[in-house]
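Every chain is numbered from 1 and lettered A, B, ... according to where its sequence line falls, protein lines coming before strand lines. Remember, it's a predicted structure, so these values are computed and weren't measured experimentally.
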Amino acid sequence: MTVAHSRRFSTAVKPIDISLLSKQLLQLGRTSNSDTFSEISRQREQLVSSLISTLDDCAGLNQIKQVHGHVIRKGLDQSCYIITKLIRTLTKLGVPMDPYPRRVIEPVQFRNPFLWTAVIRGYAIEGNILEAISMYGCMRKEWITPVSFTFSALLKACGSVRDLNLGRQFHAQTFRLRGFCCVYVGNTMIDMYVKCGSIDCARKVFDEMPERDVITWTELIAAYARVGNMKSAAELFESLPSKDMMAWTAMVTGFAQNAKPQEALEYFNRMEKSGIQADEVTVAGFISACAQLGASKYADQAVQIAQKYGYSPSDHVVIGSALIDMYSKCGNVEEAVNVFESMKYKNVFSYSSMILGFAMHGRAQEALDLFHYMVTHTAVKPNTVTFVGVLTACSHTGLVDQGRQIFASMHQMFGVEPTRDHYTCMVDLLGRAGRLQESLELIKTMSVEPHGGVWGALLGACRIHNNPDIAEIAAKHLFEWEPDIIGNYILLSNIYASAGDWDGVLSVRKLIKKKGLKKTPAASWVVDKNGQMHKFFPGNMNHPMSNKIQKTLEELVERLTVLGYKPDLSSVTYDVNDDGKRLILIRHTEKLALAFSLLTTSRDSTIMIMKNLRMCQDCHTFMRLASEVTGRVIIMRDNMRFHHFRSGSCSCGDFW
DNA sequence: TTAGGGTTAG
């Protein structure tokens, strides 16, 4: 697979037929009526040129060698034009440069700057900066003056290896010899600085450019988006005089990537209103934004948009992968599976999204089966995200041994180095399984410094297994990494509370107050069939139906008690008496949302509840038993994952 | 000759 193709790839590979042109070439010279040698030569050059052009779509090294054979046989291996074209084709097809160009350019007697530039550019795209520079040296030795393309290629090479110093040198050299000769040289310069991580330098070039085009703007907008600076991106975008589809797409995907889905949708709508059509990339950004909103209303909208533009998931891998993720996040993992199965071409994004989808719905075995299928039956190579998915699947179901094996195999079998994210999964896996000490030992063996994620996973596990001693170690580190995240302090406070250590609770509360942090109120919400959202807050009895909700809950508690339900008072971390605890429990937001759904939806429909924080143990038991007595399927999404309650049991197998 | 890309854990 070529670099160029793998990026844009969504269509099937077309076989190419070079036989016809080859035959014509063989006949040429024998049957030609041309009188002069130069005429024959010109015809040959044209024919060979079109032969090379046929390779442009897709071809392999063998076909290129075949064509090169024709070139030599027809005596065109000295033609600068033909050889330049051949090298450009090699580059376009991603065929490794070495040892081709050196051998191919050798016979060319009069090498012009375009030939050299094609070679330099080929090495640049390959990321072989040493050869690119060496070729530039050879070119200068022949006293050939570089053209703007040449500098563009050299700057590209610096960008592809992220060599800022070298990039600066070529910037200076370009400027000395050519100045801002063309917009695209400036554009390449901006791209180089962006790739080297120096957005300020890129901005400086932008500001100094005498002339800019929409590409100049889009590059910088995308660069700001990539570093999470959507404010600057938006400012720049608004001052862009003529916005094209790529520029709009940069904004849509930028907002989607920076967890601002609502803004992404707004920009998408604005784009359509201004009469610009979306393409596959824009639609994928739109879908990603809908996925983050996690509501079926948006899922329907995303599907409509994809259909409107004619992008079916079966033929468009980017759309398909985005839809898998979206359906999973909206709670409809079955539909995610349907999309996955309908896709004609699947890549690592499709597999990883599906594996993560299974993982977040507690379907660990399917996640593992898919992973094993992928590595044994397809050519798709797992990447770092794939492993996050598989390890998450293991940790959410307590598959400690499988998780360990996969973690070890990452590097050994697949050459993927474990990152802090993978350690986070492992700490979570061991921690949830109650192996807190082992978890802590694993953190000590890490080759990179553990970050907030790792310590957070350990602290979370300490909450499940009520271990204040290890919690204190984790919290100490975690508070250094994430001093302003209130949830971490609440976690520690709850651990102290469960252990009856009210002094500990008090000290954490003081810390929170000192830092001026505000507690995130718990909230649950459901969306009715009209797309209307109903949000519930703890103990909030202001809802128009609150009397009915309360009555429904009381009745439900009675029915559940027959099945053995006892309020789990340890889920309440306030220092109040037992009656107070019972009252707090029955007014947990997800229970209010459940009662509302029971009152307002038909008996055969699935109930879908969303929550912004982790569900407590009592609510989990409550939902499980409620699914039994009511005969309803309840899907509950908390801040981490989905639980599917059906006939008295949960998809997580009560391990969560 | 230059631009936009979908999946990431506690």
Side-chain angles (χ1 to χ4, degrees), chain A residues 7-8 10 117 121 147-153 155-156 159 182-192 194 213-223 225-226 244-254 256-257 278-288 291 313 316-326 328-329 347-357 359-360 383-389 391-392 395-396 419-429 431-432 451-463 474 478 482 485 487-488 491 614 639-641:
Chain A
R7 285 195 63 206
R8 266 166 222 285
S10 15
T117 303
R121 190 171 167 273
V147 290
S148 45
F149 294 132
T150 322
F151 287 114
S152 175
L155 290 164
K156 200 182 181 78
C182 320
V183 177
Y184 70 77
V185 170
N187 288 351
T188 319
M189 223 174 256
I190 290 180
D191 187 55
M192 179 273 293
V194 168
D213 63 9
V214 66
I215 297 176
T216 327
W217 295 77
T218 308
E219 275 182 335
L220 206 56
I221 289 167
R226 240 171 271 138
D244 71 355
M245 186 253 284
M246 301 277 250
W248 279 105
T249 307
M251 291 306 289
V252 173
T253 53
Q257 287 161 349
D279 80 345
E280 196 178 347
V281 179
T282 334
V283 174
F286 182 89
I287 298 173
S288 166
H316 297 266
V317 66
V318 178
I319 298 291
S321 306
L323 284 175
I324 292 170
D325 175 55
M326 185 195 73
S328 303
K329 285 181 180 155
N347 63 14
V348 69
F349 283 85
S350 335
Y351 277 97
S352 303
S353 298
M354 194 64 251
I355 290 168
L356 280 156
M360 74 177 93
N383 67 12
T384 175
V385 181
T386 323
F387 283 106
V388 169
L391 293 174
T392 307
S395 85
H396 283 184
T419 66
R420 299 196 279 201
D421 296 338
H422 301 106
Y423 277 98
T424 301
C425 294
M426 287 307 288
V427 167
D428 189 52
L429 169 64
R432 272 181 208 274
H451 65 336
V454 173
W455 293 115
L458 185 61
L459 188 64
C462 291
R463 168 74 183 116
L478 182 57
E482 297 172 354
I485 295 185
N488 297 335
L491 212 47
R614 188 179 193 267
N639 59 342
M640 294 307 306
R641 57 178 289 181

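- Of the candidates B:dT8, B:dG4, B:dG5, B:dG4 carries the atom nearest the A:A250 side chain, counting heavy atoms from C-beta on.
- Of the listed nucleotides (B:dT8, B:dT1, B:dT2), B:dT8 has the atom at the smallest distance from the side chain of A:L356.
- Checking B:dT7, B:dT8, B:dG4 against every side-chain atom of A:V388, the shortest atom distance belongs to B:dT8.
- Between the side chain of A:T249 and the backbone N or O of A:M245 there is at least one donor-acceptor pair closer than 3.5 Å.
- Here A:R226 reaches the OP1 or OP2 of B:dG4: one of its side-chain N or O atoms lies under 4.0 Å away.
- Of the candidate nucleotides B:dG5, B:dT2, B:dT8, B:dT8 has the atom nearest to the side chain of A:V385.
- Without hydrogens or angle criteria, A:D279 side chain to A:T282 main chain gives a donor-acceptor distance under 3.5 Å.
- Comparing B:dG10, B:dG4, B:dT2 against the side chain of A:T188 picks out B:dT2 as the nearest.
- If you check every strand for non-hydrogen atoms under 4.0 Å, A:T282 touches a base.
- Judged by atom type and distance alone, A:D279 reaches the base of B:dG4 through a side-chain donor-acceptor pair under 3.5 Å.
- A donor and an acceptor atom sit less than 3.5 Å apart, one in the side chain of A:S352 and one in the base of B:dT7.
- Between the side chain of A:T188 and the backbone N or O of A:Y184, at least one donor-acceptor pair lies under 3.5 Å.
- Counting only heavy atoms from C-beta on, A:S288 has its side chain closest to B:dG6 among B:dT2, B:dG10, B:dG6.
- No contact: A:I324 has no heavy atom under 4.0 Å from any strand.
- As rounded to whole Å, 16 Å separates atom C1' of B:dT1 from atom CE of A:M192.
- One can place CE of A:M326 at 19 Å from C1' of B:dT8, the figure rounded to the nearest angstrom.
- A:F149 places its CZ atom 5 Å from the C1' atom of B:dT1, with the value rounded to the nearest Å.
- For A:T216, no side-chain nitrogen or oxygen approaches OP1 or OP2 of B:dT2 to under 4.0 Å.
- In this entry the distance linking CD1 of A:I319 with C1' of B:dT7 reads 14 Å, nearest Å.
- A close approach under 4.0 Å does not occur between any side-chain nitrogen or oxygen of A:R641 and OP1 or OP2 of B:dT8.
- Proximity of A:H396 to the phosphate of B:dG10: a side-chain N or O atom is located under 4.0 Å from OP1 or OP2.
- Using modelled atom types, no side-chain atom of A:D428 and backbone atom of A:G431 make a donor-acceptor pair closer than 3.5 Å.
- B:dT7 atom P lies 15 Å from atom CD1 of A:I355, rounded to whole Å.
- A:F286 has its CZ atom 22 Å from the P atom of B:dG4, to the nearest Å.
- Phosphate contact (OP1/OP2 of B:dG6, side-chain N/O of A:Q257, threshold under 4.0 Å): present.
- Residue A:T249 is in base contact, counting any heavy-atom pair closer than 4.0 Å across all strands shown.
- The distance from the OG1 atom of A:T218 to the CH2 atom of A:W248 is 12.0 Å, given to the nearest 0.5 Å.
- When distances are taken from the side chain of A:V317 to each of B:dG10, B:dG4, B:dG6, the shortest belongs to B:dG6.
- Heavy atoms of A:G452 sit under 4.0 angstrom from at least one base atom.
- Minimum atom distance to the side chain of A:S321 is reached by B:dG6, of the listed B:dG6, B:dG4, B:dG10.
- Contact annotation for A:G460: no contact, since no heavy-atom pair falls under 4.0 Å across all strands.
- Considering only side-chain atoms of A:N347, the nucleotide from B:dG6, B:dG4, B:dT7 that sits closest is B:dG6.
- The separation between A:Y351 atom OH and B:dG6 atom P is 21 Å, rounded to whole Å.
- Distances shorter than 4.0 Å separate some side-chain N or O of A:K156 from OP1 or OP2 on B:dT2.
- A:M251 comes within 4.0 angstrom of nothing in the nucleic acid, heavy atoms only.
- Not one N or O on the side chain of A:H396 forms a donor-acceptor pair closer than 3.5 Å with the backbone of A:M360.
- A:A256 and A:G285 make their closest contact through CB-O, 3.7 Å (heavy atoms, listed as atom of the first residue, atom of the second, distance).
- A 4.5 Å side-chain heavy-atom check between A:L478 and A:E482 finds at least one atom pair inside the cut-off.
- Using a 4.0 Å heavy-atom criterion, one finds that A:R420 contacts no nucleic acid atom at all.
- Between A:K329 and B:dG6, a side-chain N or O to OP1/OP2 separation shorter than 4.0 Å is absent.
- In the set B:dG10, B:dT7, B:dG4, B:dT7 carries the atom at the smallest distance from any side-chain atom of A:D325.
- Following rounding to the nearest Å, A:I190 (CD1) and B:dG4 (P) show an atom-to-atom distance of 12 Å.
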